[in-house]
Peer 1: 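Take this structure, written in structure tokens, and hold onto it; I'll ask about it next.
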Amino acid sequence: QVQLVESGGGLAQPGGSLRVSCAASGIVFSVFTVGWYRQAPGKQRELVASITSNGSTGYTDSVQGRFTISRDNAKNTVYLQMNSLKPEDTAVYYCNAGFRSLGGLKYDYWGQGTQVAVSS
């Protein structure tokens, strides 16, 4: 039974901060590449940040310098620290974990999402 559970969303003011978490069970989370995606109403889902099993990170331009992705393998958890929040960051944030074995098997899991709203 594989589960990804996001938490930590909520309402923040512009310029404020939130940290969302993605906790995994049923997998060795440390070997997965994990991405945070977001989807705003009427918009395409976009990849916000990602982190690989070796700790390499990547960010979309709109959040670079403001958001930080990290992982705590002992807790099977990946975090997204969001600072200097803007109204444009309002979206449902989803956690995704992906893995492909050398034998060609693919694994892809999604969490249920957590709502982030940025408004004054």
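This is a predicted model, so every value here is computed, not measured. Numbers here are sequence positions counted from 1.
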Peer 1: Between G9 and T114, what is the shortest heavy-atom contact and its length?
Peer 2: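 Nearest heavy atoms, G9 then T114: N-OG1, 3.2 Å.
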Peer 1: Please lay out, stage by stage, how F99 and V31 fare under the test side chain to side chain contact (heavy atoms under 4.5 Å, CB included).
Peer 2: CA-CA 7 Å; F99 174 79; V31 307; 4.0 Å; yes
Peer 1: Taking only residues two or more places apart in sequence, or in another chain, which ones meet T52 in a side-chain contact (heavy atoms from CB on, under 4.5 Å)?
Peer 2: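 Partners of T52 by the side-chain contact (heavy atoms from CB on, under 4.5 Å) criterion, ordered by chain and then number, come out as T33, N54, S56.
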Peer 1: Between S25 and Q3, is any pair of side-chain heavy atoms under 4.5 Å apart?
Peer 2: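 When only atoms from C-beta onward are counted, Q3 and S25 do touch, with a gap below 4.5 Å.
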Peer 1: For Q39, enumerate each residue passing the side-chain contact (heavy atoms from CB on, under 4.5 Å) test, keeping only those at least two apart in sequence or located in another chain.
Peer 2: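 R45, Y94.
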Peer 1: What pairs with L102 under side-chain contact (heavy atoms from CB on, under 4.5 Å), at least two apart in sequence or on another chain?
Peer 2: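 If we apply the side-chain contact (heavy atoms from CB on, under 4.5 Å) test to L102, skipping adjacent residues, there are no hits.
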Peer 1: Enumerate donor-acceptor pairs with a distance under 3.5 Å from any side-chain N or O in residues 16-23 to protein atoms, sequence neighbours excluded.
Peer 2:
| unit_1 | atom_1 | unit_2 | atom_2 | d |
| --- | --- | --- | --- | --- |
| S17 | OG | N83 | OD1 | 2.8 |

Peer 1: With clusters defined by side-chain heavy atoms of hydrophobic residues (ILVMFWY) lying less than 4.5 Å apart, directly or transitively, does I27 cluster with V5?
Peer 2: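 No, V5 does not connect to I27 through the hydrophobic network.
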Peer 1: Not counting sequence neighbours, which residues clear side-chain contact (heavy atoms from CB on, under 4.5 Å) with V118? List them please.
Peer 2: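 Checked V118 against side-chain contact (heavy atoms from CB on, under 4.5 Å); matches are P14, L85, P87, D89, T90, V116.
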Peer 1: Quick test of your reading: applying side-chain hydrogen bond (donor to acceptor under 3.5 Å, both in side chains), list the pairs with at least one residue in residues 98-107, sequence neighbours left out, ordered by first then second residue.
Peer 2: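 Residue pairs with at least one partner in residues 98-107: there are none.
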Peer 1: Using only atom types and a distance under 3.5 Å, with no angle test, would you say the side chain of S50 pairs donor to acceptor with the backbone of G35?
Peer 2: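 No, the answer is negative, given that no donor and acceptor are paired below the 3.5 Å cut-off.
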Peer 1: Looking at every heavy atom in both F29 and A97, which two are closest together, and how far apart are they?
Peer 2: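 It is CE1-CB, 3.7 Å.
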Peer 1: Can you list the residues that meet the salt bridge (Lys or Arg N to Asp or Glu O under 4.0 Å) rule with E46, with sequence neighbours excluded?
Peer 2: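 So E46 forms a salt bridge (Lys or Arg N to Asp or Glu O under 4.0 Å) with R38.
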Peer 1: Step by step, would you call M82 with Y93 a side chain to side chain contact (heavy atoms under 4.5 Å, CB included)?
Peer 2: CA-CA 11 Å; M82 301 181 287; Y93 283 71; 3.8 Å; yes
Peer 1: Taking C-beta and beyond as the side chain, do Q112 and E6 meet within less than 4.5 Å on heavy atoms?
Peer 2: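 A side-chain contact exists here, since the closest heavy-atom pair is under 4.5 Å.
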Peer 1: Contact between V34 and N96 at the side-chain level, heavy atoms closer than 4.5 Å - yes or no?
Peer 2: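 The answer is no, as the side chains (C-beta and beyond) never meet within the 4.5 Å cut-off.
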Peer 1: Disulfide (SG to SG under 2.5 Å): which pairs involve residues 33-79, sequence neighbours left out?
Peer 2: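 Listed once each, the pairs would be none.
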Peer 1: Give, for atom CD of Q81 and atom CD1 of I69, the distance between the pair rounded to the nearest 0.5 Å.
Peer 2: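 Output value for this atom pair is 12.0 Å.
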Peer 1: Determine whether more than 12 heavy atoms belonging to other residues, nucleotides or ligands lie under 6.0 Å from atom CD of E88.
Peer 2: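 Yes.
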Peer 1: Distance from L80 atom CG to I51 atom CD1, nearest 0.5 Å?
Peer 2: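 Result: 10.5 Å between the selected atoms.
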Peer 1: Applying ring-ring contact (aromatic ring centres under 6.0 Å, His included) as the test, list every pair that has at least one member in residues 34-82; sequence neighbours left out.
Peer 2: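 Of all non-adjacent pairs touching residues 34-82, those that pass ring-ring contact (aromatic ring centres under 6.0 Å, His included) are Y37-W110.
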Peer 1: Tell me whether V92 is reachable from V78 by hopping between hydrophobic residues (I, L, V, M, F, W, Y) whose side-chain heavy atoms are closer than 4.5 Å.
Peer 2: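 V78 and V92: separate clusters.
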Peer 1: If you look only at pairs with a residue in residues 69-80, which of them pass as a salt bridge (Lys or Arg N to Asp or Glu O under 4.0 Å), with sequence neighbours excluded?
Peer 2: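 Sorted result for residues 69-80: empty, none.
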